[in-house]
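Encoded as structure tokens, the structure appears first; notes follow it.
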Amino acid sequence: QVQLAESGGRWVQAGGSLRLSCAASGHTFSSSALGWFRQAPGKEREFVAAISWSGGRTRYADFVKGRFTLSRDNSKNMVHLQMNSLKPEDTAIYYCAFGGAGYPADGITEYGYWGQGTQVTVSS
């Protein structure tokens with residue numbers, strides 16, 4: 001089993017930056033991926049970014065390209081999402097997810113383990 005814990009979410013003004021972290025514990029697989037999704041009130045959960053654990057390949061949603069950067073620390077079983085130039089539209093609960101796809105999948109069905117989420121609020 002895999003347990004995930006997100007941290008770093010808080011209130012921030014538009015144009016500011018945040019760094020979200022996801023710590024994974026328990027058994028992890030060599031062929032796996034860590035993904036970030038977000039969900040705003042009244043909207044569907046949407047893909048943000050993902051990274052493959054072994055190869056470090058990344059994939060980003062179009063609306064965050066050039067602003068968000070995903071990285072991993074395999075020795076600590078941790079991933080970090082650096083978010084810059086934040087916009088009010090980025091306000092959402094951000095979830096970390098773990099899956100066994102072996103590539104940075106962008107679909108929620110590719111992830112079987114989820115954290116409880118961390119709230120990000122961007123004011124205008």
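Keep in mind the model is a prediction, meaning the values are calculated, not measured.
- With values rounded to the nearest 0.5 angstrom, T121 atom OG1 is found 10.5 Å from R10 atom CZ.
- Note on L70: it does not cluster hydrophobically with Y95, by side-chain heavy-atom contacts below 4.5 Å among ILVMFWY residues.
- Annotation: ring-ring contact (aromatic ring centres under 6.0 Å, His included) contacts of F37 (sequence neighbours excluded): F47, Y111, W114.
- Counting only heavy atoms from C-beta outward, the side chains of Y113 and Q1 approach each other to under 4.5 Å.
- Atom OG of S25 is separated from atom CD of Q3 by 4.5 Å, given to the nearest 0.5 angstrom.
- A donor-acceptor pair is defined here as one N or O able to donate and one able to accept, closer than 3.5 Å; such a pair exists between the side chain of R59 and the backbone of P104.
- Contact check for Y60 versus T69: side-chain heavy atoms found under the 4.5 Å cut-off.
- Residues W53 and I51 have side chains not in contact (no heavy-atom distance under 4.5 Å, counting atoms from C-beta outward).
- Counting only distance, with no hydrogens or angles, the side chain of T91 and the backbone of V122 share a donor-acceptor pair below 3.5 Å.
- A donor-acceptor pair under 3.5 Å is formed between the side chain of E6 and the backbone N or O of Q116.
- Annotation: cation-pi pair R57/Y103 absent, no NZ/CZ under 6.0 Å from the ring centroid and within 45° of its normal.
- Residues T118 and I93 have side chains not in contact (no heavy-atom distance under 4.5 Å, counting atoms from C-beta outward).
- Between C22 and W36, the closest side-chain pair of non-hydrogen atoms falls below 4.5 Å.
- Separating the CG atom in L4 from the CE atom in M78 is a distance of 11.5 Å, to the nearest 0.5 Å.
- S52 approaches G102 most closely through the heavy-atom pair CB-O, 4.1 Å.
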How far apart are the C-alpha atoms of L20 and V120, what are their side-chain angles, what is the distance that settles it, and do they pass the side chain to side chain contact (heavy atoms under 4.5 Å, CB included) test? CA-CA 9 Å; L20 304 184; V120 172; 4.1 Å; yes
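- No single ILVMFWY cluster, assembled from side-chain heavy atoms under 4.5 Å apart, contains both I108 and F63.
- W11 is not listed as a side-chain neighbour of Q119, based on a closest heavy-atom distance of 4.5 Å or more.
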Without placing hydrogens or testing angles, list every side-chain donor-acceptor pair under 3.5 Å for residues 81-90, not counting sequence neighbours.
unit_1 : atom_1 : unit_2 : atom_2 : d
Q82    : NE2    : N84    : OD1    : 3.0
N84    : OD1    : S17    : OG     : 2.9
D90    : OD1    : R38    : NH1    : 2.8
D90    : OD1    : R67    : NH2    : 3.1
D90    : OD2    : R67    : NH1    : 2.8
D90    : OD2    : K87    : N      : 2.8

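- Nearest approach of E110 to A101, heavy atoms of both residues: OE1-CB, 3.9 Å.
- There is no side-chain donor-acceptor pair under 3.5 Å between H80 and S71.
- Between the side chain of S32 and the main chain of G100, no donor-acceptor pair closer than 3.5 Å is present.
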